Asks: 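One structure follows; several queries about it will come next.
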2 protein chains.
Amino acid sequence: MAYKTEHITQQLRAAREGQKVSQRELSARSGLTQSHISQIERGTMEPGLGSLVDVARALDLEIVLAPKKLMPAIRNILESSSASNDVLTSDQRKLVARLERSSAQYGYGVGTSADADAFKDSLGLLRHLPLTPDELDILRRAANRLENSQTDKMSRQEMGAIVREIRQLRNAAVHRDRDDAIPRSAYALDEEDDDA
Amino acid sequence: MAYKTEHITQQLRAAREGQKVSQRELSARSGLTQSHISQIERGTMEPGLGSLVDVARALDLEIVLAPKKLMPAIRNILESSSASNDVLTSDQRKLVARLERSSAQYGYGVGTSADADAFKDSLGLLRHLPLTPDELDILRRAANRLENSQTDKMSRQEMGAIVREIRQLRNAAVHRDRDDAIPRSAYALDEEDDDA
DNA sequence: GGGAGATATACAGGATAATATATAGACAAT
DNA sequence: ATTGTCTATATATTATCCTGTATATCTCCC
C-alpha cells in the first residue's frame with residue numbers, strides 16, 4: 001500500500017536505530033504518537049509530508065529534492081559519513097577475535113557460567129561498536145592477560161576482573177552518544193551496497 | 001498553515017518551472033489533479049508523502065534524507081549543476097574522462113570492488129566540482145601513472161595509492177567552501193548541454 | 001518467572017488530504 | 001474581441017491520516 005515511500009521510511013528507521021533512539025523518545029521529540037511512528041516505519045501507512053518533516057527534524061535529518069542525475073554524487077557523500085558507522089579498525093576486529101579464541105580455548109572452567117555468557121555477549125557487541133583508542137588499549141591488555149594465563153593458571157578473581165572490564169567497555173560503547181564521534185584514520189572499506 | 005513544508009514545495013515549483021512544465025502537464029505525468037498541484041505549490045495545503053513522491057518522480061527528482069551535518073557538501077553539489085553551469089576547465093573534464101577510460105580498460109582486477117566503486121564515484125564528483133591548479137596537477141599525474149600501468153603491471157598497493165589520492169581530491173573539492181572561489185581565467189565553456 | 005523497555009496492533013473520532021469537476025482571472029497570440 | 005493556455009479558487013464527496021488510548025508481543029535483564 002505504501003510501496004512508493006518505502007525507501008524513505010526505511011531510511012527513517014535506519015536513522016533512528018543508528019542514533020539509538022526509541023520510538024517513544026522519537027515520539028516525544030517529534031510530537032507524533034509512538035503508534036504512528038511504528039506504522040510509518042513498517043509501511044502500514046503513508047505519512048503526510050508534515051509528519052515526515054517533524055520526524056526528520058527530530059533525527060537531525062533534512063529533506064532534499066535532488067535531480068536524479070546527481071544522485072551518485074550525493075550517495076557518495078552520504079556513504080562517506082555512514083561509513084564511519086561501521087568503521088572498526090581491523091585492530092579492534094582482531095582483538096575481539098583473539099579474545100573469543102582465548103576464552104573458548106581457556107574454557108569456562110574458571111568463572112561462573114553466567115560470567116562466561118556475559119563475556120561472550122559483550123564480545124558480540126564489541127564486534128560492532130566503535131571504541132576509542134584508550135578503550136582499544138584496555139581491550140588489548142585484556143587479551144594479553146588472558147593469553148598469558150593459558151600457561152600459568154589464572155585465579156578466578158582475575159578472570160572476574162577481566163569479565164567486568166570487558167563489560168564496562170561494552171556499556172560505554174553501547175550508550176555512547178553518536179555525536180561525539182570517534183576520529184578515524186583514513187577509512188575502511190567493506191562490502192555493502194544498496195539499491196532500490 | 002503549511003509553514004513547515006514550504007521550502008520543499010517551493011523547490012517543487014522551482015523545479016517544475018525550471019523544466020518548463022505546466023501544472024496540467026505535471027498533473028498528467030504524476031496522476032495528481034492540476035487543482036491539487038496548485039494548492040501544494042501555493043502552500044494552501046500540505047501534501048501527503050505519496051503525492052510528493054509522485055510529483056518528484058514526474059520531475060526527475062529524488063527525495064533524500066540527509067544528516068544536517070552533510071548539508072553544506074550536498075548543497076555544494078546541487079548548486080554545482082544549477083547555478084554556475086560548470087566552471088571547469090576543459091583540462092579537468094578531459095582528465096576525468098581519461099581516468100575513467102583508463103580505469104575501465106584497466107579493469108577492476110586489481111583492487112577490491114569496493115575500491116573500484118569508490119573510485120568511480122569520486123570521479124563522478126570530480127566531474128562537477130572545481131579544482132585548484134595544484135589539484136589539477138595531481139589529477140594529471142594520477143592519469144599518467146594509470147595509463148603507464150597498462151603496459152607494465154601495476155601493484156595492488158600502487159593502485160590503492162591512486163584510489164586514495166583521488167578520494168582525497170574528492171573530499172577537498174566537496175567540502176570546499178563555495179565562497180572562497182577558485183579564480184578562473186576567462187575561458188571556461190565547452191561543449192556539453194543535454195536535455196531529456 | 002517476574003519486570004522493564006521497546007515495538008507492533010487495534011479501534012474510535014475528528015481533521016485533513018485527495019478526487020472530480022467547474023469556473024474565474026491573467027496573459028499571449030491570431 | 002476571441003481563442004487558447006496557464007494558474008488559482010470553489011464545492012462536494014471520498015479516502016486517509018493522525019491522535020489518544022489501550023493492549024499484545026518480544027527481548028533482555030534481574
Side-chain angles (χ1 to χ4, degrees), chain A residues 1-6 8-10 12-56 58-59 112-126 128-129 163-164 166-168 170-171 173-175, chain B residues 1-6 8-10 12-59:
Chain A
M1 211 194 240
Y3 290 119
K4 280 180 306 197
T5 61
E6 227 176 320
I8 298 175
T9 53
Q10 276 175 5
L12 270 191
R13 160 162 282 180
R16 180 180 64 78
E17 289 176 343
Q19 296 179 29
K20 304 219 194 318
V21 178
S22 72
Q23 288 182 349
R24 268 225 141 63
E25 167 70 11
L26 183 56
S27 163
R29 288 194 209 170
S30 64
L32 314 203
T33 53
Q34 179 266 328
S35 153
H36 195 189
I37 293 175
S38 172
Q39 292 181 77
I40 291 174
E41 286 186 351
R42 289 222 88 211
T44 302
M45 69 148 46
E46 209 163 58
L49 184 54
S51 304
L52 180 69
V53 171
D54 287 338
V55 173
L59 290 173
T112 71
S113 75
D115 270 0
D117 283 340
F119 194 72
K120 282 196 292 184
D121 181 45
S122 294
L123 285 182
L125 279 176
L126 288 178
H128 299 298
L129 299 173
V163 169
R164 221 171 5 257
I166 298 297
R167 190 181 187 84
Q168 257 180 310
R170 177 205 95 108
N171 286 334
V174 161
H175 295 109
Chain B
M1 209 189 244
Y3 292 120
K4 279 180 306 197
T5 60
E6 228 177 320
I8 298 175
T9 53
Q10 276 174 8
L12 271 191
R13 159 162 282 181
R16 179 180 64 80
E17 290 176 342
Q19 296 179 29
K20 303 216 192 319
V21 177
S22 73
Q23 288 182 351
R24 275 226 143 65
E25 167 70 12
L26 184 55
S27 162
R29 289 194 209 169
S30 64
L32 313 204
T33 58
Q34 178 266 327
S35 154
H36 195 187
I37 292 176
S38 171
Q39 293 181 80
I40 291 174
E41 286 186 350
R42 292 224 81 204
T44 302
M45 69 140 73
E46 207 164 63
L49 184 52
S51 304
L52 180 69
V53 170
D54 287 338
V55 173
R57 289 178 70 87
L59 290 173

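Naming: A, B, ... by sequence-line order, numbering from 1 per chain. Model, not experiment: these values are computed from the prediction.
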Asks: Knowing that exactly one of B:Q39, B:E6, B:K4 qualifies, which makes a side-chain contact (heavy atoms from CB on, under 4.5 Å) with B:E46?
Replies: B:K4

Asks: Return the value, rounded to whole Å, for the distance between atom CG of B:L26 and atom P of D:dT7.
Replies: 10 Å

Asks: Answer with base, sugar-phosphate or nothing: what part of the nucleic acid does A:S22 contact at a heavy-atom distance below 4.0 Å?
Replies: sugar-phosphate

Asks: Please report, rounded to the nearest Å, how far the C1' atom of D:dG20 is from the CD atom of A:Q34.
Replies: 12 Å

Asks: Hey, does the side chain of A:R29 reach the backbone of A:A58 with a donor-acceptor pair shorter than 3.5 angstrom?
Replies: yes

Asks: Rounding to the closest angstrom, what is the interatomic distance between D:dT23 and C:dG14 at atom C1'?
Replies: 23 Å

Asks: Whole angstrom is fine here: how far is it from CD1 in A:I37 over to P in C:dA6?
Replies: 13 Å

Asks: Given C:dA6, is OP1 or OP2 found less than 4.0 Å from the side-chain N or O atoms of A:R16?
Replies: no

Asks: How many Å lie between CD on A:Q39 and C1' on C:dT9, as a whole number?
Replies: 8 Å

Asks: Considering residues, nucleotides and ligands other than B:R57, do more than 12 of their heavy atoms fall under 6.0 Å from its CZ?
Replies: no

Asks: From the list D:dA8, C:dT7, C:dA17, which nucleotide is the closest neighbour of the side chain of B:E46?
Replies: C:dA17

Asks: Please work out if A:L32 contacts a base, only the sugar-phosphate, or nothing of the nucleic acid, heavy-atom cut-off 4.0 Å.
Replies: sugar-phosphate

Asks: Does a nitrogen or oxygen in the side chain of B:T33 sit under 4.0 Å from OP1 or OP2 of C:dA18?
Replies: no

Asks: Which one, C:dA6, D:dT7, C:dA8, comes nearest to the side chain of B:R24?
Replies: D:dT7

Asks: Is it the case that the side chain of A:Q19 and the backbone of A:L59 share a donor-acceptor pair, with hydrogens and angles ignored and the cut-off at 3.5 Å?
Replies: yes

Asks: Identify whether any heavy atom of A:G50 sits under 4.0 Å from a base atom; if not, whether one sits that close to sugar-phosphate; answer base, sugar-phosphate or nothing.
Replies: nothing

Asks: Which of these nucleotides, C:dA20, C:dT7, D:dC18, is closest to any side-chain atom of A:H36?
Replies: D:dC18

Asks: Is B:S51 close enough to C:dA17 that one of its side-chain N or O atoms is under 4.0 Å from OP1 or OP2 there?
Replies: no

Asks: Would you say B:R13 reaches D:dA8's phosphate, i.e. side-chain N/O to OP1/OP2 under 4.0 Å?
Replies: yes

Asks: Hey, which of these two, A:E17 or B:S35, hits DNA chain C nearer its 5' end, going by closest nucleotide?
Replies: A:E17

Asks: Assign B:R42 to base, sugar-phosphate, or nothing according to its heavy-atom contacts below 4.0 angstrom with the strands shown.
Replies: sugar-phosphate

Asks: Is a donor on one side and an acceptor on the other found under 3.5 Å between the side chain of B:T5 and the backbone of B:I8?
Replies: no

